[in-house]
Amino acid sequence: MKLATKYIPLAATVSLFAVMSAFGSLSYNGFFSAQVFLNLLVDNAFLVVVAVGMTFVILSGGIDLSVGSVVALSTIVLAKLVEHWHWHLAVAIPLVLCMGALFGAFMGWLIQRFRLQPFIVTLAGMFLARGLCYLISIDSISITDAAYTVLAQTRIHLWADGPMLSISAILALVVLAVAVFLAHCTQFGRTVYAIGGSEHSAVLMGLPVARTNVAVYALSGFCAALGGVVFTFYMLSGYGLHAVGLELDAIAAVVIGGTLLSGGVGYMLGTLFGVLTLGIIQTLIMFDGSLSSWWTRIVIGALLFVFCVLQRVFEARKK
Amino acid sequence: MTYTQQAPGAATPVLELSGVAKQFGTVRALSGVNLRLFAGEVHALMGQNGAGKSTLIKVLTGVYQADQGDMRLGGKSIRATSTLDAQRLGISTVYQEVNLCPNLSVAENIFAGRYPRKGLAGAWAIDWARMQREARALLARLNLDIDVTQTLASYSVAVQQMVAIARGLSISAQVLILDEPTSSLDDEEVERLYGVLRQLRDQGMAILFVTHFLDQVYALCDRITVLRNGELVGEYPAAELGHNALIAAMVGREMVANPAQVAGASADVKKEQAVLLQARGLARAGSVKPLDLTLHRGEVVGLGGLLGSGRTELARVLFGLDQSDAGELIINDSPVKMDSPAEAIRLGLGLCPEDRKAEGIIGELSVRENIALALQARQGLWPCISRAKQVEMAEYYVKTLGIKTSNIEAPIGQLSGGNQQKAVLGRWLATKPSLLILDEPTRGIDIAAKQEIMNEILVLAKEGMAVLFISSEMEEVVRLSDRIVVMRDRAKVGELPGGTDDHAVYAMIAGQA
Amino acid sequence: QKKIVVGFSQIGAESEWRTANTNSMKTAAAAAGIELKFSDAQQKQENQIKALRSFIAQKVDVIALTPVVESGWDTVLKEIKDAKIPLILMDRSVDSKDTSLYATHIGFDFVKEGEMAGQWLVEKAKTMKGDINVVELQGTVGSAPAIDRKKGFEAAIKAEPRIKIIRSQTGDFTRAKGKEVMEAFLKAEGKKINVLYAHNDDMGIGAIQAIEEAGLKPAKDILVISVDGVKGAFEAMIAGKLNVTVECSPLLGPLVMSTAKDLAAGKTVPRSLIGKDGVYPMETAAKEFPSRQY
Amino acid sequence: MSTVDQSSWVQRVQTHHLLWPLVTLTLILMVNASLNPGFWMLQWRDGHLYGSVIDILNRASPLMLVALGMTLVIATRGIDISVGATVAISAAVAALMVGGKLVITDGVAQHVSRFPMWLAIGCALLTALACGLWNGVLVAKIGLQPIIATLILMVAGRGVAQLLTDGQIVTVYYAPYFFIGSGYLWGLPFALFIAGFVYLVMHLAVTRTALGLFIQAIGINPAAARLAGVRERLISICVYAFCGLTAGAAGLIISSNVKSADGNNAGNLLELDAILAVTLGGTLLTGGRFSLAGSLIGALIIQTLTSTIYSIGVPPEINLVVKAAVVFVVMLMQSAEFRRAVRGWVMRPSAGSKA
Ligand SMILES: Nc1ncnc2c1ncn2[C@@H]1O[C@H](COP(=O)(O)OP(=O)(O)OP(=O)(O)O)[C@@H](O)[C@H]1O
Ligand SMILES: Nc1ncnc2c1ncn2[C@@H]1O[C@H](COP(=O)(O)OP(=O)(O)OP(=O)(O)O)[C@@H](O)[C@H]1O
Ligand SMILES: [Mg+2]
Ligand SMILES: [Mg+2]
């Protein structure tokens, strides 16, 4: 089978993921079970959602460091609304999503209108969102709302007594599907790619660059807020220290999935596998269970290294 | 200055500019320029490098905002504030340089912003199949048969330029503007393009056309507007303005368009000269088939061939940009391993690349730094060429090559296209190479400057520099070269002596086909 | 007989206290012949939840958890309960209403630590004249120990109205930050400062350096109170630079392991077991030091 | 004549790339001084200067060092997020090797180090250099994207540091070592001299050799630079290695200042501060033109801001909001586009009122 060159990084990621899964299954008891693999999705649903938004930003040649903080802010606002003020979910959740999108759009507007560097604008955004969390509440807030708990704890069995998925995991898959459609089949998505390829050219080609740039950050903010909602399903709490450093995980997932940080090249599906790869590295370490705290870090780094280098080798070979 | 008032017929112009002025800092790029464009005409915009042609077009299409002046489209006053605006108003533009997205497919580049949609999946979903079909059809009009799903970056500059033209053509507009669209196309492609343009003109489109090739102007255009130093010289019917008069209008003084002397004349003497470079069975999988090549000191060798015949690839392999995987390369009688441009430069080679935007200029660095770069790279980190020395060097080339710049500390990216090209050339001349490979060195350079550059090159060749010359203008190749190496399908098919008729070259290309 | 497998989800390795805690668990497990599956969460609750899920998948016999925060555990604890694996909470507890989710809680209270520190100061205040101005070095903003140690301390010093907290800033639990913030305090408040209360020993030690560099005598010109009782704190006390440290012993391993054995054998265990804690003033430091294990 | 000279002088100042960073710094200093009366006060104490300003300079030194190294990396279109981890490793190596205890021989108290101090410092710097080299090779030879290449070391590096120190905070008891981070020379912090020296060396390197030209060329258009004969891979590797070295030096200062090495926390989030410092100094993250002096000023801005937050008694909960607000204001002030817009907003109403 001949593989089009543009799919090579994606293929590299997918096959390396398969190799890692095989390795885990052979080495550890209980690893090779459908539930373990579904857990990758269940446990990382929020990361998938956040990374999808990040993929758009990176494809457009930007970066968004604020996502982790926006996740935290969303959890705490949601917890406050639902738990302390007893708002209904159907009102609170859309409100939080709007808030995320507006936050992103504001940063996008600053970047676009005043030609600021995305890195610092979103870094300031990161400080701001995290700071707002502490203003709302320093302590963590548990969510005990009945409807919420039901949503969070519902498990959908793939077949009777079989492995199960959470609502969040399914939501993540839906978000991914929508993102794939957006990226590949709509004017917006293609404009994002064009801007990533060459912003100057995109302007000269008469594409709506300014609007798209702002929309990209708004989308990322929206995804981060949605990630926050998923996070509350996962944790049933709002907390200012949630999702610290999540932005790096998201960026790593996107880049491992074969998207170029310089923009214009990459796939949404790659991002999914990027997240799953990070997840499986963690799972391998947990199943091993003999590593000390520092060896955990070293081994994560080493696996990341092996993965990235193999990916490069694979690409070089195929070309 | 003369300004002829008569217009074809009594029609009002589709597009009329009056008193347009534009200033960049201290540079007065345009002042008081008028332009009239009528439906059903091809109008040439002429002027030397840096005269303000591209700036005028950018002001017209909303890339820059004019400081002064009035623009009217179909009698209504307009002011485009963005390119998107201009497109909506019915102005379709192909800018100088390839301004497309290298990461997108050819088909997408043509249709970006105006994708054909599929009905059912919402009015949203792009109809990829239809888009590719239409892209192929459009390119076929220009006689280009390529895989439109490949990324644009995988094609040569010439193909990219054709894609840009195809995009311009596909936008149904009242006015079509083409800024030096033919600078790296060969004769056959150019003929094709003319066919299409004439057809559009006959359908009533107004076409504004920028070029430095005088023959093309007379072959295609109905009227000519000439700019000099950002000012309007005049508007003339093409038929009434002779060759020499046109040059005089552009340059501002009488100048006889005498072609540079024929180089081939002294070829016999040069045969005696020492061999500089020898390639035996040099090849690279997928780009150059095994080939032998000998270059002597003081010799100008032309590379003849059609688009995509592998001339650029050969130049890249010789220069160490791509590694050869077979054969050997001997320079000054010792075999060398050419593994990087740095190594090539150390050995006295220079390569003026085809794609100046991507591989030539370092946009934000000054003209001075750009010119000094290669020489400094050959010397390594230390000693550093002193500032005074750099200034002297830069000023020398600004003068000899006639680079038009406000000062040598201006970022090279702000220069007009042709002047950027001259500066890149200056960079290589400054290294005093023993072999200079020139890939389309005269791209976008005006007629007066071209002569000066060619003379400069011939002078250097007389002093012992070897030149490998690639150009899409076969006539130029034939005129300047002592010897012509003809290529087809990435392989060398033969050699011809200099001064031959260009038909002989075409015959050789076609002959064994 | 099959070896008992205990899955242990630790918060991380952010301080010496935590490292001592981890080591205690490991050595105790080895001594008791228990196989310990150790997982480091690097300070993230989501990682802890993932670790718990992987313990379920691995079908361990008992799970031990040191929760990074109190809230947000219901879902996964329910899964553990459904898998019929007994759970031991260590250090901090969880705020679930359904207390059947865990078998026992072994640990203590950060609030209590703050209180003990405050009580020591109230005691000490009786020998001091005038207003007592306290500067406080908080832990990482929002972290459980920072919130509770502050709360406890504030509650305790209510007993003595002369004690006032004049400055409170975060030092992120590190020496470098502790020193930096203390430097700024000293410049801003100068000689007004009578007492320093640091949420952990490391910040205290950093601050002591700042006090010395400002030409003042720590523990004399400015009283220094800190929490944790790590080795460095004892050294500082012996050198006469730190007045008191409040500790809760991290050496919980043996207790956890014996409880785990009981649980694996199906015995019932008390709902709550309290670890050893204490106040170590300067005067007792030299005596205690040789018997310290961390 | 003189008016012409003057106007060109004014213009030079107005367009100078350090103008806005300097204005920012001045503003923050002024705010600090107005809220904190003792701010400018300097005392002569124990043979050195003592005061808030000295603290800021001392604290900013490690950040300056890292920002200097980072500037070059960013100028080549790269980024290095592993500097914090490198700081931790170098601090751990130095602290372990110096160690130190107090020995009393013949009634004279003496500080004894485990290894000679120069050897410890040398090893620490070499280790840091090796870290940088590793990053450079991953980026330039293997072709990983800079952020992911350095992410590997960022994650693993702290693990290595903790492995070296066995998860403990290593305390140093060898007094001469403390000089690096808390000693004074001619009344000023010694660390400042280290940063100054490195700046000087780098300044000479980029102005007196072609290094500056090459780095900019690589950052703006790597393909063209390579074609012009610049050995872009070699230079990239060296630049990353150097960045590692500066991080190593920062690690020495930090560990010496707190007399200990903390594998988990030393240099935490330093990478973000360093990148912020570089950008505040006017260097673009997209590579190319860079300013070393700008990065120094950027580092000072950040440290002054931090110290302001501590000394004016901002409650810790809103530290981050204040920091965010300042960063927003600073970057808007530095944006030419924003200044133009403001001019527009100011002019338009007044023009309208005239009409
Ligand atoms: N963005 C800019 N900033 C400053 N100066 C500029 C800028 N763009 C163009 N110029 C200057 O304006 C003048 C006109 O340039 P323009 O590109 O219009 O020339 P041109 O006629 O298209 O030349 P060519 O034939 O070489 O393409 C030149 O002197 C150029 O240096
Ligand atoms: N007319 C064409 N039809 C199809 N492919 C083409 C055509 N022209 C160029 N290409 C593609 O572009 C690639 C680059 O060609 P290359 O740059 O070597 O050509 P060249 O001989 O240098 O021609 P020129 O520089 O005149 O464009 C080739 O690999 C070829 O696939
Ligand atoms: Mg032009
Ligand atoms: Mg070519």
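A, B, ... follow the sequence lines: proteins, then strands. Residue 1 opens every chain. Scope of the values below: all heavy atoms of this structure, side chains included, with no hydrogens, waters or symmetry mates.
Within the 4.5 angstrom heavy-atom criterion, only side-chain atoms of D/N319, from C-beta onward, approach chain C. Residue C/D172: no heavy atom, backbone or side chain, is found under 4.5 Å from chain D. Both the backbone and the side chain of D/I309 come within contact range of chain C, with heavy atoms under 4.5 Å apart. Only the side chain of D/S182 has a heavy atom closer than 4.5 Å to any heavy atom of chain C. For C/T19, the part lying under 4.5 angstrom from a heavy atom of chain D is the side chain only. Neither the backbone nor the side chain of C/A210 comes within contact range of chain D; no heavy atoms are under 4.5 Å apart.
Although no hydrogens or angles enter the test, the distance criterion places a donor-acceptor pair under 3.5 Å between the side chain of C/K179 and the main chain of D/N257. Here the side chain of C/Q169 pairs a donor or acceptor atom with the backbone of D/V314 at under 3.5 angstrom.
From C/T174, atom OG1 reaches atom CG of D/N264 across 10.0 Å, with rounding to the nearest 0.5 Å. Rounding to the nearest 0.5 angstrom, the gap separating the CG atom in C/L186 from the OG atom in D/S52 is 10.5 Å. A distance of 10.5 Å separates CZ of C/R175 from CG of D/N265, quoted to the nearest 0.5 Å.
In terms of heavy atoms, D/P316 sits closest to C/S168 at CD-O, 3.4 Å. A pairwise comparison of heavy atoms in C/A188 and D/S311 identifies CB-O, 3.6 Å as the closest pair.
Considering only heavy-atom pairs separated by less than 4.5 Å from chain D, the leading option among C/E213, C/Q209, C/E235 is C/Q209. Contact count against chain D (heavy-atom pairs under 4.5 Å) is highest for C/V181 among C/V141, C/N23, C/V181. For the set D/I56, D/I169, D/N58, the entry with the most heavy-atom pairs within less than 4.5 Å of chain C is D/I169. Put simply, of D/S255, D/S307, D/S260, the one with the most heavy-atom pairs under 4.5 Å next to chain C is D/S260.
Contact annotation: the side chain of C/E183 approaches that of D/R59 to within less than 4.5 Å [non-hydrogen atoms, C-beta and beyond]. In this structure the side chain of D/T306 reaches within 4.5 angstrom of the side chain of C/E180, judged on heavy atoms. Residues D/Y310 and C/K177 are in side-chain contact: their nearest non-hydrogen atoms beyond the backbone lie under 4.5 Å apart.
Counting non-hydrogen atoms of other residues, nucleotides and ligands closer than 6.0 Å to NZ of C/K150 gives a total above 12.
Side-chain contact check for D/E317 and C/Q138: no donor-acceptor pair (N or O, by modelled atom type) lies under 3.5 Å.
Residues from residues 217-225 of chain C never place a non-hydrogen atom less than 4.5 Å from a non-hydrogen atom of chain D.
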